[in-house]
Engineer: 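Here it is, the structure in full.
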Amino acid sequence: MSTSTFFIPPVNMLGAGSLQAAIRMMTSYGFRQSLIVTDRVLVQLGIVADIQNALLEHDISSVVYDGTHPNPTTENVTDGLRLLSDHQCDSVISLGGGSPHDCAKGIALVAANGGDIRDYEGVDRSARPQLPMIAINTTAGTASEMTRFCIITDKGRHVKMAIVDKHVTPLLSVNDAALMLGMPPSLTAATGMDALTHAVEAYVSTAATPITDACALKAITMIAENLPVVVADGNNEAARENMAYAQFMAGMAFNNASLGYVHAMAHQLGGFYDLPHGICNAVLLPHVQEFNSRVAAGRLRDCAAAMGVNVTGKTDEEGAAACISAIRELAGKVNIPTVLKALNVREEDIPVLAANALKDACGLTNPIQATQEEIESIFRAAM
């Protein structure tokens, strides 16, 4: 086995009451003025004000940037960076799902390294660690609160930039399921299918290790068992907490094994049409795995077993087909669209989408390296 490196934040807090414990821990980092990166919904719900007040009790002042788009943009990073500079912030706190986390990472990275966020597209392009960052999660899907991945949309190019950099890993991640109880069913479903995609892609990745395999398979099992429950009843505390753990383990898996063509292709749909990332992943996942089953059938058979499918007596090929069917069945249970046409994707754009997908760093660890024509064919199959 080749040498591998395992990336994860130094401290990760999970479970009921972890937010309060995390705020107490922040005092030990010496923060005095933090930039809170979030969105307007969490401001309107009063969650941001509650956290600001809790920080003040520990002598930490804060200023809020709430302009984060669902697909955070280069402009969002620039605007947040300006606010950080104006108020001489010494730290960044992200609050929300993947969008605020990614935006905050972009702000913190440029604050420490200078230049423009576009300078850091690709793998490990920065010279110094970002400004100290705490990531407080409110969704169970992206795992951005604990990864070295940062996805920012360059609106000029209509492209989602994949920034994979050890220096954007937060100092502390927080997954308090109490903050997730208010998620609507549609967001719960989309983020949950995003987490499933992370786990499956990490498990079939060419960079998988025994550690990432263990995390991925356990995440797949917990998602299959808990996602339909929590979509049906958003106030089910046990299922919410299980999904928080599942998405975190899926994050541990892909943060180190990386991803594949599902994400490389979904990034293009998000950048081109400003579509929800989790839904794009969910639509593409079975189609990409059907393509991958040529070389990864045995691994997909393992994923089927993790989803609760009885694969006893099945060949690898039969197990892979069962996995793809189980993915489609789970997506149907949680009311995810099944085709890209439902998202207003245009067939005439497929050549450009495919060309850009082949440039995305996430595709480097897909179990098969595809041609332009093969990526186009997967897009068309998903239409």
Engineer: Pick from T139, N242, N175: which one makes a side-chain hydrogen bond (donor to acceptor under 3.5 Å, both in side chains) with Q247?
Structural biologist: N175

Engineer: Taking the six-membered ring of Y203, is the NZ or CZ of R299 close enough (under 6.0 Å from the centre) and on axis enough (within 45°)?
Structural biologist: yes

Engineer: Indicate yes or no for a side-chain donor-acceptor contact from T221 to the backbone of A306 under 3.5 Å, with no hydrogens or angles considered.
Structural biologist: yes

Engineer: For M146, is there any backbone N or O sitting under 3.5 Å from a side-chain donor or acceptor partner on S173?
Structural biologist: no

Engineer: Main chain of L81, side chain of S85: is a donor-acceptor contact present, judged purely on distance under 3.5 Å?
Structural biologist: no

Engineer: Under the 3.5 angstrom rule, does the side chain of Q268 hit a backbone N or O of A264 as a donor-acceptor pair?
Structural biologist: yes

Engineer: Spell out, as yes or no, whether a donor-acceptor pair under 3.5 Å connects the side chain of S205 to the backbone of A207.
Structural biologist: yes

Engineer: Can you tell me if R240 and T188 form a side-chain donor-acceptor pair at under 3.5 Å?
Structural biologist: yes

Engineer: Would you mind checking if D154 and R118 are paired as a salt bridge, meaning a charged N to carboxylate O distance below 4.0 Å?
Structural biologist: yes

Engineer: Pair N113, L109 - check side-chain contact (heavy atoms from CB on, under 4.5 Å), show working.
Structural biologist: CA-CA 6 Å; N113 286 272; L109 190 68; 3.7 Å; yes

Engineer: Looking only at the side chains, is there a donor atom on one of S126 and K166 sitting less than 3.5 Å from an acceptor on the other?
Structural biologist: no

Engineer: Could you give the distance from CD (E241) to CG (L181), rounded to the nearest 0.5 Å?
Structural biologist: 10.0 Å

Engineer: Using only atom types and a distance under 3.5 Å, with no angle test, would you say the side chain of K333 pairs donor to acceptor with the backbone of L227?
Structural biologist: no

Engineer: Would D165 and V123 satisfy side-chain contact (heavy atoms from CB on, under 4.5 Å), going step by step from the backbone distance to the final call?
Structural biologist: CA-CA 6 Å; D165 196 314; V123 180; over 6 Å; no

Engineer: For the side-chain hydrogen bond (donor to acceptor under 3.5 Å, both in side chains) test, which of N76, D102, D274 pairs with N71?
Structural biologist: D274

Engineer: When you check the gap from the basic side-chain N to the acidic O, do K218 and E225 get nearer than 4.0 Å?
Structural biologist: no

Engineer: Taking N255 for its side chain and R148 for its backbone only, find out whether a donor-acceptor pair lies under 3.5 Å.
Structural biologist: yes

Engineer: Taking R125 first and then E121, would you say they form a salt bridge - that is, a charged N and a carboxylate O separated by under 4.0 Å?
Structural biologist: no

Engineer: Could you check whether S34 and S91, counting side-chain N and O atoms only, form a donor-acceptor pair closer than 3.5 Å?
Structural biologist: yes

Engineer: Specify the closest pair of heavy atoms between A382 and L284, including all atoms of both residues, with the distance to one decimal.
Structural biologist: CB-CD2, 4.0 Å

Engineer: Anything under 30° is parallel, anything over 60° is perpendicular, the rest tilted; go ahead and classify H267 against H263.
Structural biologist: perpendicular

Engineer: Does one side chain, of N256 or T212, offer a donor that lies under 3.5 Å from an acceptor on the other?
Structural biologist: no

Engineer: For the pair D39 (side chain) and H69 (backbone), establish whether a donor and an acceptor sit closer than 3.5 Å, ignoring hydrogens and angles.
Structural biologist: no

Engineer: Any side-chain to backbone donor/acceptor pair from Y261 onto L358? Under 3.5 Å, distance only.
Structural biologist: no

Engineer: Tell me if the CD atom of E237 is crowded by more than 12 foreign heavy atoms within 6.0 Å.
Structural biologist: no

Engineer: Determine, stepwise, if the pair T147 / K105 fulfils side-chain hydrogen bond (donor to acceptor under 3.5 Å, both in side chains).
Structural biologist: CA-CA 10 Å; T147 69; K105 288 175 178 179; 3.2 Å; yes

Engineer: State, yes or no, whether a side-chain contact exists between E201 and H198 at a heavy-atom distance under 4.5 Å.
Structural biologist: no

Engineer: Would a distance-only check, ignoring hydrogens and angles, find a side-chain to backbone donor-acceptor pair under 3.5 Å from N366 to Q369?
Structural biologist: no

Engineer: T27 and H58: side-chain donor and acceptor closer than 3.5 Å?
Structural biologist: no

Engineer: Is it true that R380 and E347 make a salt bridge, defined as a side-chain N closer than 4.0 Å to a carboxylate O?
Structural biologist: yes

